[in-house]
Amino acid sequence: MRNIDIAWIFYEMADLMEIKGDDFFKIKAYRSAAKTISRLNQPVEELVRRGVFNKIPGIGKAINAKTREILETGTCRTYQELLDQVPRGLLEIRSLPGIGPKKARILHQKLGVTSLEELEEAAKRRLVRKLPGISAKTEHEIVRNIRSLKEGRSQVLLGLARELAKELVEYLENLPEVARAEIGGGTRRWKETVSDVDIVAAADDVNGVLDAFTAHPRVTKVLQRDSNRIQVNTWWGVPVDLTVVTVDEFITAWHRNTGSRKHYQHLSLLAEEKGFKLSHKQLVDAYGRELEVQDEEDIYRHLGLEYIPPELREDNGEIEAAQTGTLPRLVELEDIKGDLHVHTNWSDAAGSLEEMVEGARKKGYSYMAITDHSGSLKIANGLDAARLKKQVKEIEKLNQQFDDFTILTGVECDILADGSLDHEDELLAQLDVVIASVHSHFQQDKETMTNRIISAIEHEHVDIIGHVSGRLLGRRGGYELDVERVLEAAAKYNTVMEINSSPDRLDLSEENTRLAKELGVKVVINTDAHDLKRLNEIEYGVAVARRAWLTPDDVVNTREVEDLLKNLK
DNA sequence: GCCGTTTTCGGCCCGACTGTTTTCAGTCG
């Protein structure tokens, strides 16, 4: 059991107990334990073995015992009992906007619905509006939300897709009959969401590999099996598509599998114009000779092109640029010198100041900004002026320990409803990095929200605008916002726009990042990490930047600290 | 459920909005 699997069970138990109507604080205890477990750096199994697991704050007798039970049996009795009492479908109903635990329970008790389908049916028969606290208007909303949920359900977030893909590829690589296995498709191109996970493997014994693959514990169902390809369903409902080819065909097959379809079609056309023929099996020249393909670079080289990295393969002009040798030198993970958006346990994160700094140093960064929440964000234990000043002092002290690393002082300051900031100007002026973000009043109209954010952009001490659209992928779209006006203002006032790397945000989106570059806006790639592990999510933000054709010069945190500070206000 | 050199019981939990309401419960970030 991985930590995330254990945490998942506790999260689900909390959700089930909530619908059941259990004690608020008990539910809270389960959620906090789940959160703690998901943020641990070491496997729970090892911590249990060393006898230190139950010493972790928030892990008491009961959760410790259940964790041990889960480690041994893969589940626990209380969890199974909860599942017997509360139909799992209610969790989906509960996830509809405006439906909380109480309404989910009433819907179940009064109408007997146990799934989204049954609820939709009941709503169509106008039974839902008869319930207390639910009007005809809400009933319509329910139907609308169920429909949009069903449409969105087919999309998988990149973070989940990559995690699953990496695990499966590693499994395949360890099979003796597999010579090579790689992630393909949109997951390899780092698309923000994908319809499935594509994997390509090279092996002679195709059937042996397909059999072994179906035996993997993450595989829940075989959807379709052909001679060299299998489609399965896995945990969390993510479909996976595995293609097995011979070693000789691997590169051409992997290249085609990676796509995108439009990129590949364009390349094939280009090949035809030269009299070549590109297929998933080989590349043949005008004389019918098979050209040597050792890696993907060879394919592009034979076609007279610069190598095109997977992130650019969308037929957005990359082939034309590769023909003329004008592809940009894309920003890379190694270019990033520091993270400018990091939280600590001073507000709502898991790690201490020292731990986060150590994590950043281990990543090879030369600086990091500590940017905890500001006071009005009560739920995140935001820092008021006094605590922020105290933190600044602490950082100054800690900074003296290092001569090769700089901790920058900072804040993620709330942009209040009227566009003003949550700290006094005088205090903001003393900080190295001021990020301004929206965390409240999401329902303002487009004009108000746009002006609100522009007020922050114009502010003399605001260096960066955090996660500008406010979207949470798969959960909520952003608020109403005129992004173009916002970016124009950012260009004018020299305010940097953040690419928030969190896989459920990716905000700036790829599209908005492109627009930012067009308008001459500088960008920073940040993690917004709330624990050590999530410092690694920087790769997702780098991927967004790459897909938007950004070079190191477009990204301020590719610079050394002195140069960086010159580029901030 | 977790926590505790003031407590082994009684705290833990914030503020705003929204919709359905005649005074507020439920939801959300």
Side-chain angles (χ1 to χ4, degrees), chain A residues 7 9-37 53-69 76 78-79 81-82 90-91 93-109 128-142 144-145 343 347-349 373-384 412 414-418 422 437-445 448-449 466-467 469-473 475-479 502 504-505 507 528 530:
Chain A
I9 291 178
F10 287 137
Y11 273 128
E12 217 168 87
M13 285 177 78
D15 289 345
L16 293 166
M17 285 190 285
E18 200 168 37
I19 293 173
K20 217 182 117 204
D22 274 347
D23 178 62
F24 175 89
F25 297 103
K26 183 175 168 182
I27 294 163
K28 196 169 170 260
Y30 273 87
R31 288 232 168 88
S32 107
K35 198 169 176 182
T36 302
I37 289 169
F53 180 66
N54 60 354
K55 306 281 193 296
I56 298 169
I59 308 294
K61 248 167 104 177
I63 291 194
N64 182 44
K66 289 188 177 71
T67 304
R68 286 166 162 269
E69 193 184 342
C76 76
T78 323
Y79 175 50
E81 283 164 15
L82 278 167
L90 288 187
L91 294 179
I93 290 175
R94 154 92 175 75
S95 73
L96 290 169
I99 305 292
K102 303 267 166 59
K103 291 217 171 87
R105 189 167 60 217
I106 289 174
L107 287 165
H108 179 226
Q109 282 170 348
V128 177
R129 65 179 68 181
K130 295 200 170 70
L131 298 176
I134 297 180
S135 64
K137 193 179 153 209
T138 310
E139 191 181 70
H140 287 134
E141 275 298 289
I142 288 174
R144 205 177 59 83
N145 285 322
H343 294 273
S347 63
D348 62 344
H373 291 289
S374 60
S376 78
L377 205 61
K378 302 281 183 202
I379 194 164
N381 190 24
L383 278 62
D384 59 19
E412 182 181 14
D414 263 44
I415 305 174
L416 303 175
D418 62 355
D422 199 19
S437 308
V438 167
H439 289 116
S440 63
H441 300 88
F442 294 94
Q443 69 296 336
Q444 286 178 338
D445 63 68
T448 311
M449 186 58 91
H467 48 68
S469 87
R471 71 174 180 174
L472 289 175
L473 289 166
R475 276 188 283 165
R476 65 160 198 241
Y479 28 73
S502 177
D504 54 3
R505 286 195 186 270
D507 184 12
D528 196 358
H530 282 65

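Throughout, protein chains are lettered first and strands after them, A, B, ... in sequence-line order, and every chain is numbered starting at 1. Heavy atoms only: backbone and side chains are in, while hydrogens, waters and symmetry mates are out. Since this is a predicted model, take the numbers as computed values, not measurements.
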Quick check on DNA chain B: between Lys103(A) and Asn64(A), whose nearest nucleotide comes earlier from the 5' end?
Asn64(A)
P atoms of dG10(B) and dA16(B), separation to the nearest Å:
32 Å
dC13(B) to dC2(B) separation - C1' atoms, rounded to the nearest Å:
15 Å
With Thr36(A) via side-chain contact (heavy atoms from CB on, under 4.5 Å) - residues at least two apart:
Ile56(A)
Is it the case that Gln444(A) and Tyr479(A) place a side-chain donor and acceptor less than 3.5 Å from each other?
no
Nearest 0.5 Å please: distance from the CZ atom of Arg68(A) over to the CG atom of Asn54(A).
7.5 Å
Rounded C1' spacing from dC14(B) to dC9(B) in Å
25 Å
Determine the contact category for Pro132(A): base if any of its heavy atoms lies under 4.0 Å from a base atom, sugar-phosphate if only primed atoms, P, OP1 or OP2 are that close, otherwise nothing.
nothing
Determine the interatomic distance between C1' on dT7(B) and the same-named atom on dC12(B); round to the nearest Å.
14 Å
For dC17(B), what is the paired nucleotide under Watson-Crick or G-U wobble rules, both distances under 3.5 Å?
dG26(B)
Base, sugar-phosphate alone, or nothing: which one does Ile99(A) contact when heavy atoms must sit under 4.0 Å apart?
sugar-phosphate
Span that lies between the P atom of dC28(B) and that of dT20(B), in whole angstrom:
14 Å
I'd like the P distance from dT21(B) over to dG26(B), given in whole Å.
13 Å
When we call it a touch if two heavy atoms are under 4.0 Å apart, what does Phe25(A) touch: a base, just sugar-phosphate, or nothing?
base
Using a heavy-atom cut-off of under 4.0 Å over every strand shown, decide if Leu472(A) touches base, sugar-phosphate, or nothing.
nothing
Donor-acceptor pair between Asp348(A) and His530(A) side chains, under 3.5 angstrom:
yes
Going by distance alone, is a donor N or O of one side chain under 3.5 Å from an acceptor N or O of the other, for Ser502(A) and Asp528(A)?
no
Run the salt-bridge test on Asp15(A) and Arg31(A) with the 4.0 Å N-O cut-off and return the result as yes or no.
yes
Tell me whether the rings of His467(A) and His439(A) are parallel (<30°), tilted (30 to 60°) or perpendicular (>60°).
perpendicular
Touch check for Phe24(A), heavy atoms < 4.0 angstrom, all strands: base, sugar-phosphate only, or nothing?
base
Taking dT8(B) as the reference, what is the distance to dG15(B) when you measure between their C1' atoms (whole Å, please)?
33 Å
Using the heavy-atom set of chain A and a strict 4.0 Å cut-off, write down the first and last nucleotide of DNA chain B that makes it in, 5' to 3'.
dG1(B) to dG29(B)
If the P atom of dT5(B) is compared with that of dG1(B), how far apart are they to the nearest Å?
23 Å
